[in-house]
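So the structure is just underneath, and the comments pick up after that.
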Amino acid sequence: MVDYYHHNSSILEHALSVSFLSYLICKKLKLDYVSGARGGLLHDFFLYDWREYKRNPNNKNHGLYHPKVALRNSHECFEINDIECDIILKHMWPKVLGLPKYWESVVVCFADKFCTCNEYLVKSLLFTSNQSKKLRHRNRYRKKAA
Ligand SMILES: [Fe+2]
Ligand SMILES: [Fe+2]
């Protein structure tokens, strides 16, 4: 996950932010903060650069498709409970159909949007991390090589 550029950093950096924020909110609200944190970590567990993925017109809509990929990868690598499954599948709500079944899913859905806005707006306006620069440089190099 650390190798794939996402928003303005990597998928891993984004997932860690979503996970930590979800953990804090779930703990404050006396929800299942372990499932909230784990679901936040796994919600974008897809291992491809979505910008490259979108260039192929035959590929499915990434926004709708990647929660299913993340769920499949999560099942392959870990034992996940019903709450974590729902978090992963519904984190793109309202883009994906079906309401979140658990409050933890609502929390991660919110945390994902908050972190995404933060990553796109605040971080890109104020500073860029060294990792972000490295990943962007690598993506540019890949495009030139292709
Ligand atoms: Fe996502
Ligand atoms: Fe996300």
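Quantities reported herein were computed from a predicted structural model and do not represent experimental measurements. When a ligand or atom number is given, it counts from 1 through the structure's own listing order.
- The side-chain heavy atoms of Asp44 and Asp112, taken from C-beta on, include a pair separated by under 4.5 Å.
- In this structure, His43 has its ring center at least 6.0 angstrom away from the ring center of His66.
- Of all non-hydrogen atoms in Lys113 and Pro94, the two that sit nearest each other are CE-CD, 4.4 Å.
- Taking the six-membered ring wherever Trp is involved, the centroid distance between the rings of Tyr4 and His14 does not fall below 6.0 Å.
- Within the protein, the N, O or S atoms lying under 2.8 Å from the Fe ion (ligand 2) are His14 NE2, His43 NE2, Asp44 OD2, Asp112 OD1.
- Side-chain contact annotation: Ser35 with Asn81, donor-acceptor N/O pair under 3.5 Å present.
- Two rings, from Phe46 and Tyr65, have their centers 6.0 Å or more apart.
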